[in-house]
Q: 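Questions regarding the structure given below will be posed in turn.
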Amino acid sequence: MTRATPSDNRNQNCRHFSLPDAELFYWPAYLTAPAADLLQQQLSRELHWQTASIRIYGREVAIPRRQVWMGEPHCRYRYSGTDFLPEPWHPRLRELASQISQALQHPFNCVLLNQYADGQDHMGWHADDEPELGLAPQIASLSLGQSRRFDLKHRQLECQLQLLLQHGSLLLMAGTCQQYWQHRLPKQAQAKAERINLTFRYIAPK
DNA sequence: AAAGTTAAGGGTC
DNA sequence: GGACCCTTAACTT
Ligand SMILES: [Mn+2]
């Protein structure tokens, strides 16, 4: 296992959070600023961003952000009663998935991209606990652009955490984070610029 | 079939 | 205006 652990992660400029029922690892500058700038511009321009509609409490509503689901052809993804088929890999993202897989010593074969135009775009409390992701999925979250707050709260314990996800940073959610915790990206009126988030996941082939 | 809901709207401070 | 709670009421698994 060559992934950063609590004992060696300082050498790799990684912050480790050992929480009840969850492990988080945060690399503030996984990508250099110029590399992150370039990737953000490229993705913003070249991807087919969609405003999906989902059903919630009986209402059909447009999600307050734009998204793309991408990866290996077998990676079907379902949430809030809507089925998503993956777009084929963008070459740069296939490469990035492979680099992150190697760095974290964990396979990633699909990615959900979310584009938040400004602080009005957001995502409410939820967990990435879809059955196709398995019991204790590892989720690697790369942030580009506008820094945004990221909140986590335990489902049962009075335990909450706020992180600031910065341009070029990588956050790994591991352990039983998705089973015992929820997370959100709250509205932030003062955030004026675009953020793009990439959450790399692994879905086993059938 | 009971439980859970990645949403918005309306209240308060 | 904005941050934070609470409610919503119907569909899904
Ligand atoms: Mn999520």
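The figures that follow rest on heavy atoms only: side chains count, while hydrogens, waters and symmetry mates do not. In this text, all values refer to a predicted model and were calculated from it rather than measured experimentally. Letters A, B, ... are given to chains in the order of the sequence lines, protein chains preceding strands, and every chain is numbered from 1.
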Q: I'd like the P distance from C/dA9 over to B/dA1, given in whole Å.
A: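 It comes out at 25 Å once rounded to the nearest Å.
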Q: Just to verify, what does A/Glu60 make a salt bridge (Lys or Arg N to Asp or Glu O under 4.0 Å) with, not counting sequence neighbours?
A: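 A/Glu60 satisfies salt bridge (Lys or Arg N to Asp or Glu O under 4.0 Å) with A/Arg55 once adjacent residues are dropped.
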Q: Taking only residues two or more places apart in sequence, or in another chain, which ones meet A/Glu95 in a side-chain contact (heavy atoms from CB on, under 4.5 Å)?
A: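 A/Arg92, A/Gln99.
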Q: Residues from residues 177-194 of chain A sitting under 4.0 Å of DNA chain C, heavy atoms only?
A: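 Within this stretch, A/Ala189, A/Gln190 sit under 4.0 Å of the strand.
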Q: side-chain hydrogen bond (donor to acceptor under 3.5 Å, both in side chains) with A/Gln166: which residues, sequence neighbours excluded?
A: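 Testing A/Gln166 for side-chain hydrogen bond (donor to acceptor under 3.5 Å, both in side chains), a comparison that skips the adjacent residues, returns A/Tyr26.
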Q: Do other residues, nucleotides or ligands put more than 12 heavy atoms under 6.0 Å from the CZ atom of A/Arg149?
A: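 Atom CZ in A/Arg149 is crowded, with more than 12 foreign heavy atoms closer than 6.0 Å.
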Q: Is the number of heavy atoms from other residues, nucleotides or ligands under 6.0 Å of A/Glu158 CD greater than 12?
A: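 Count not over threshold, so no.
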Q: Return the set of residues passing side-chain hydrogen bond (donor to acceptor under 3.5 Å, both in side chains) with A/Arg184 (not counting sequence neighbours), or none when no residue passes.
A: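 Checked A/Arg184 against side-chain hydrogen bond (donor to acceptor under 3.5 Å, both in side chains); matches are A/Asp151.
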Q: In chain order, what residues pass the side-chain hydrogen bond (donor to acceptor under 3.5 Å, both in side chains) check against A/Asp129, with sequence neighbours excluded?
A: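 Partners of A/Asp129 by the side-chain hydrogen bond (donor to acceptor under 3.5 Å, both in side chains) criterion, ordered by chain and then number, come out as A/Arg155.
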Q: I'd like the 5' and 3' limits of the part of DNA chain C contacted by chain A, with heavy-atom contacts below 4.0 Å.
A: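 Contact boundaries, 5' end first: C/dG2 to C/dT13.
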Q: Nucleotides 11-13 of chain B: which of its N/O atoms have a protein N/O under 3.5 Å away?
A:
none

Q: Is DNA chain B part of any stem, that is, at least 3 consecutive Watson-Crick or G-U pairs with both distances under 3.5 Å, and where?
A: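 The stems that DNA chain B takes part in, listed by first number, are B:2-5 with C:10-13, B:7-13 with C:2-8.
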Q: What about A/Leu19 and A/Leu157, same hydrophobic cluster or not, with Ile/Leu/Val/Met/Phe/Trp/Tyr joined at side-chain heavy-atom distances under 4.5 Å?
A: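 No, A/Leu19 and A/Leu157 fall in different hydrophobic clusters.
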Q: In whole angstrom, what separates A/Arg55's CZ from B/dG4's C1'?
A: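 About 16 Å, once rounded to whole Å.
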Q: Could you tabulate the donor-acceptor pairs under 3.5 Å formed by side-chain atoms of residues 61-71 of chain A, not counting sequence neighbours?
A:
| from | atom 1 | to | atom 2 | distance (Å) |
| --- | --- | --- | --- | --- |
| A/Arg65 | NH1 | A/His122 | O | 3.1 |
| A/Arg66 | NE | A/Gln115 | OE1 | 2.9 |
| A/Arg66 | NH2 | A/Gln115 | OE1 | 2.8 |
| A/Gln67 | OE1 | A/Tyr79 | OH | 3.3 |
| A/Trp69 | NE1 | A/Cys75 | O | 2.8 |

Q: Using a heavy-atom cut-off of 4.0 Å across all strands, would you classify A/Tyr116 as base, sugar-phosphate, or nothing?
A: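 Nothing, no nucleic acid heavy atom in range.
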Q: Using atom CG of A/Asp129 as one end and atom P of B/dA3 as the other, report the distance to the nearest whole Å.
A: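 To the nearest whole Å, that distance equals 17 Å.
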Q: Just how far, in rounded Å, is C1' of B/dT5 from NE2 of A/His126?
A: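 Those two atoms, NE2 and C1', are 12 Å apart.
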Q: Would you call the rings of A/His106 and A/Tyr202 parallel, tilted or perpendicular, where under 30° means parallel and over 60° means perpendicular?
A: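 If you compare the ring of A/His106 with that of A/Tyr202, the planes turn out perpendicular.
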Q: Using heavy-atom distances to pick each residue's nearest nucleotide on DNA chain C, tell me which of A/Pro131 and A/Tyr57 is more 5'.
A: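 By nearest-heavy-atom nucleotide position, the 5'-most residue is A/Tyr57.
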Q: Among all residues two or more places apart in sequence or in another chain, which pass the ring pair (Phe, Tyr, Trp, His ring centres under 6.0 Å) test with A/Phe150?
A: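 For A/Phe150 the ring pair (Phe, Tyr, Trp, His ring centres under 6.0 Å) partners, ignoring immediate neighbours, are A/His183.
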Q: What's the CZ-P distance between A/Arg59 and B/dG9, to the nearest Å?
A: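 After rounding, the gap between these two atoms is 8 Å.
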Q: State, yes or no, whether a side-chain contact exists between A/Tyr116 and A/Asp118 at a heavy-atom distance under 4.5 Å.
A: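 In short, these two side chains do not touch, never coming nearer than 4.5 Å.
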Q: Can you tell me the distance, in whole Å, between the CZ atom of A/Arg78 and the C1' atom of B/dG4?
A: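 To the nearest whole Å, that distance equals 15 Å.
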Q: Using a 3.5 Å cut-off and no angle test, enumerate the donor-acceptor pairs between side-chain atoms of residues 172-181 of chain A and protein atoms at least two apart in sequence or in another chain.
A:
| from | atom 1 | to | atom 2 | distance (Å) |
| --- | --- | --- | --- | --- |
| A/Thr176 | OG1 | A/Asp21 | O | 2.6 |
| A/Gln178 | OE1 | A/Asp128 | N | 2.8 |
| A/Trp181 | NE1 | A/Pro20 | O | 2.8 |

